[in-house]
Number of protein chains: 2
Amino acid sequence: MHFSIGELSKKTGVKVPTIRYYEQEGLIAPPIRTDGNQRRYQDRDRERLAFIRHSRDLGLTMEAIRDLLNLSAHPQAPCENVDRIAADQLEAVRERIARLQRLETELARIVRSCDGHHPIAECNVMAAFSDHGKCDGDH
Amino acid sequence: MHFSIGELSKKTGVKVPTIRYYEQEGLIAPPIRTDGNQRRYQDRDRERLAFIRHSRDLGLTMEAIRDLLNLSAHPQAPCENVDRIAADQLEAVRERIARLQRLETELARIVRSCDGHHPIAECNVMAAFSDHGKCDGDH
DNA sequence: CCTTGAACCTCTAGTGGCTAGAGCACCTAT
DNA sequence: ATAGGTGCTCTAGCCACTAGAGGTTCAAGG
C-alpha cells in the first residue's frame with residue numbers, strides 16, 4: 001500500500017534525488033511521512049510520476065509537463081490544449097532534427113576531407129573548423 | 001591594429017560577455033589592457049575566436065575545442081587526433097539524430113491519435129503520455 | 001531486545017555554456 | 001567640459017538534474 005522513495009524509484013525508473021527534486025518543484029505533491037520523517041508513497045503517486053517520467057522521455061520540458069498536469073486537473077475540459085502541447089513538441093523535435101542534419105552534412109564533408117596522415121598545419125579538418133567560408137550552409 | 005572587445009564581438013559574432021567567459025575559461029589568452037584597464041585585441045585573437053565560434057556552431061563541446069587548440073600548438077604532429085575529434089563529433093550528431101527520429105515517430109503517432117475535440121479524461125494524447133506501454137520503441 | 005548496515009533525511013554545490021543585471025569606470029566626440 | 005556609449009568586475013540565474021557531506025531511521029538477523 002505505502003512504499004518508500006527507493007521503492008517508488010524502482011517502480012518508475014526515476015532516481016531518488018530526482019523524485020525529491022520534482023517534489024521541491026511542485027510536480028508531485030509532498031507525500032505523507034513516517035514518524036521518523038521518511039516519505040511514504042501510494043499508487044496515485046506512482047502513476048503521476050510515471051506520467052512525468054514518460055513525458056520527459058518524450059522530450060517535454062518541465063514547464064510543458066506542469067501545464068499538462070494542470071490541464072489534467074480539469075478532465076471535463078476539451079483536450080485541444082493538451083494536443084497543442086504535443087504538436088508543439090513534435091514541431092520542436094522536427095526543427096532540432098533538421099538543424100542536426102545540416103550539421104551532419106557539414107561534418108561528414110569535413111571528416112571526408114582528410115585522411116589523418118598530414119601534419120596538423122596542413123590538415124583540412126583543422127582548416128574547416130577555422131573557416132566558416134569553407135562551409136556550404138550556415139548551420 | 002588593436003581593437004576593443006566590442007569590435008572583436010562585431011567581427012566574430014561572439015557576444016561580449018561570452019568573450020570574457022572564454023578568457024576566464026582559458027580558451028583565449030588574456031589580451032593586453034589600456035591604462036584604463038580595457039581589453040585590446042589583435043588579429044591573432046580574432047582568428048582564434050573565429051575558430052572557437054565556428055567549432056561551437058558545429059556543435060563541438062568546449063572540451064573538444066580545448067583539445068583542438070592544444071593540438072594546434074604542435075603543427076608538426078600528425079593530424080589523426082584532430083580527425084578523430086571530428087569523427088567523434090559526427091558520430092555523436094548521428095546518434096542524436098537517430099534518437100530524435102525515434103522520438104519524432106512516437107510523437108507523430110501520438111499527435112495523430114486525437115483530434116482535439118474530446119474531454120481531457122478521454123484524450124488519447126493524454127493517455128499516451130501516461131503510459132509507455134502504448135509506445136512502439138523505448139525512446 | 002539489540003545491533004548492523006542499507007536506505008533515508010536535509011542542505012549545499014556543481015554540471016555546460018552561457019546570459020542578465022548591478023554598480024561602477026572609461027573613452028570619444030562634440 | 002560633458003554626455004552617453006562602451007567598458008569593467010562580480011554575482012546570480014538558466015535547465016534538469018547529480019554528487020557529496022554529515023547525520024538519522026528502518027528492517028532484518030542474532
Side-chain angles (χ1 to χ4, degrees), chain A residues 1-28 30-41 45 48-49 51-69 88-89 92-93 96 99 103 139, chain B residues 1-28 30-41 45 48-49 51-69 88-89 92-93 96 99 103 139:
Chain A
M1 198 65 233
H2 290 268
F3 39 88
S4 72
I5 196 168
E7 284 165 309
L8 179 61
S9 171
K10 256 170 229 151
K11 283 175 210 278
T12 57
V14 179
K15 288 181 188 154
V16 168
T18 305
I19 297 173
R20 287 196 280 249
Y21 169 71
Y22 286 162
E23 179 184 329
Q24 185 187 305
E25 295 301 300
L27 287 189
I28 57 181
I32 54 170
R33 302 272 185 146
T34 63
D35 292 348
N37 200 36
Q38 298 196 356
R39 291 170 178 83
R40 285 299 175 266
Y41 294 94
D45 301 307
R48 193 174 170 102
L49 187 55
F51 176 90
I52 294 168
R53 162 93 216 252
H54 192 215
S55 301
R56 287 290 303 135
D57 284 348
L58 286 166
L60 295 190
T61 63
M62 287 183 62
E63 201 194 340
I65 294 171
R66 215 185 296 273
D67 290 345
L68 284 178
L69 289 169
D88 287 352
Q89 172 62 10
V93 168
R96 286 165 63 197
R99 172 166 152 57
L103 226 57
H139 19 270
Chain B
M1 197 66 235
H2 289 271
F3 38 90
S4 71
I5 197 167
E7 284 165 309
L8 179 60
S9 173
K10 256 170 229 151
K11 283 176 210 278
T12 56
V14 179
K15 289 181 189 156
V16 168
T18 306
I19 296 173
R20 287 195 280 249
Y21 169 71
Y22 286 161
E23 179 183 329
Q24 184 187 306
E25 294 302 299
L27 287 189
I28 55 182
I32 54 170
R33 302 273 185 146
T34 62
D35 291 347
N37 200 35
Q38 298 195 356
R39 290 169 179 83
R40 287 296 177 267
Y41 293 94
D45 301 307
R48 193 173 170 102
L49 187 55
F51 176 90
I52 295 168
R53 162 92 216 252
H54 192 215
S55 302
R56 287 290 301 136
D57 285 348
L58 287 167
L60 295 191
T61 63
M62 287 182 62
E63 200 194 341
I65 293 172
R66 217 184 297 271
D67 291 345
L68 284 177
L69 289 169
D88 286 352
Q89 171 63 10
V93 166
R96 286 164 63 197
R99 174 166 151 57
L103 226 56
H139 20 269

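Because only heavy atoms are used, hydrogens play no part in the values below, and waters and symmetry mates are left out as well, while side chains stay in. Letters A, B, ... are given to chains in the order of the sequence lines, protein chains preceding strands, and every chain is numbered from 1.
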Are B:Tyr22 and C:dC18 close enough that a side-chain N or O sits under 4.0 Å from OP1 or OP2? yes
Regarding the side chain of B:Tyr21, the nearest nucleotide among C:dG17, D:dC8, C:dC8 is C:dG17
Whichever of B:Leu60 and B:Gly36 has the more 5' nearest nucleotide on DNA chain C, that residue is B:Leu60
Looking only at C:dC9, C:dG17, D:dT9, the nucleotide nearest the B:Arg39 side chain is D:dT9
When rounded to whole Å, the CD to C1' distance for the pair A:Gln24 and C:dT10 reads 10 Å
Among D:dC17, D:dG7, C:dT19, the one nearest any side-chain atom of A:Thr18 is D:dC17
Whether B:Ser4 contacts D:dT6 is assessed here as follows: a side-chain N or O lying under 4.0 Å from the phosphate OP1 or OP2. Is that the case? no
If you compare every side-chain N and O of B:Thr34 against the phosphate oxygens of C:dC27 (OP1, OP2), does one of them come in below 4.0 Å? yes
When rounded to whole Å, the CG to C1' distance for the pair A:Asp35 and D:dA27 reads 15 Å
Counting only heavy atoms from other residues, nucleotides and ligands, does the tally under 6.0 Å from CZ of A:Arg66 exceed 12? yes
Notebook entry, point to check: Can you find a side chain N or O atom of B:Arg33 that sits less than 4.0 Å from OP1 or OP2 on D:dG7?
Noted result: no
Against the side chain of B:Arg40, the closest entry in D:dT9, C:dC8, C:dC27 is C:dC27
B:Ile19 CD1 to D:dT9 P, in whole Å, measures 13 Å
Separation of D:dG7 atom P from B:Lys10 atom NZ, nearest Å, is 7 Å
Between CZ of A:Arg53 and P of D:dA16 the distance, given in whole Å, is 15 Å
Rounded to whole Å, the CD-P distance (A:Glu23 to C:dC11) equals 12 Å
note: A:Met62, atom CE; D:dC15, atom P; distance rounded to Å ~ 9 Å
Do B:Leu69 and B:Leu27 have side-chain heavy atoms sitting under 4.5 Å apart?
yes
Given the options A:Ile5, A:Ile19, A:Leu8, A:Thr34, A:Arg39 meets side-chain contact (heavy atoms from CB on, under 4.5 Å) only with A:Ile5
Here the distance between atom P of D:dC15 and atom CZ of A:Arg66, to the nearest Å, is 9 Å
Regarding the side chain of A:Arg20, the nearest nucleotide among D:dC8, C:dC8, D:dA16 is C:dC8
Closest to the side chain of B:Gln38, out of C:dT10, D:dG7, D:dA16, is D:dG7
Please evaluate residues A:Leu49 and A:Lys11 with respect to the criterion side chain to side chain contact (heavy atoms under 4.5 Å, CB included), reporting the C-alpha separation (whole Å), side-chain torsions for both, the decisive distance (0.1 Å), and the verdict. CA-CA 10 Å; A:Leu49 187 55; A:Lys11 283 175 210 278; over 6 Å; no
- prompt: Do A:Tyr22 and A:Val14 touch side chain to side chain, with heavy atoms closer than 4.5 Å?
  reply: yes
B:Lys15 vs C:dT19: side-chain N/O to OP1/OP2 distance below 4.0 Å = yes
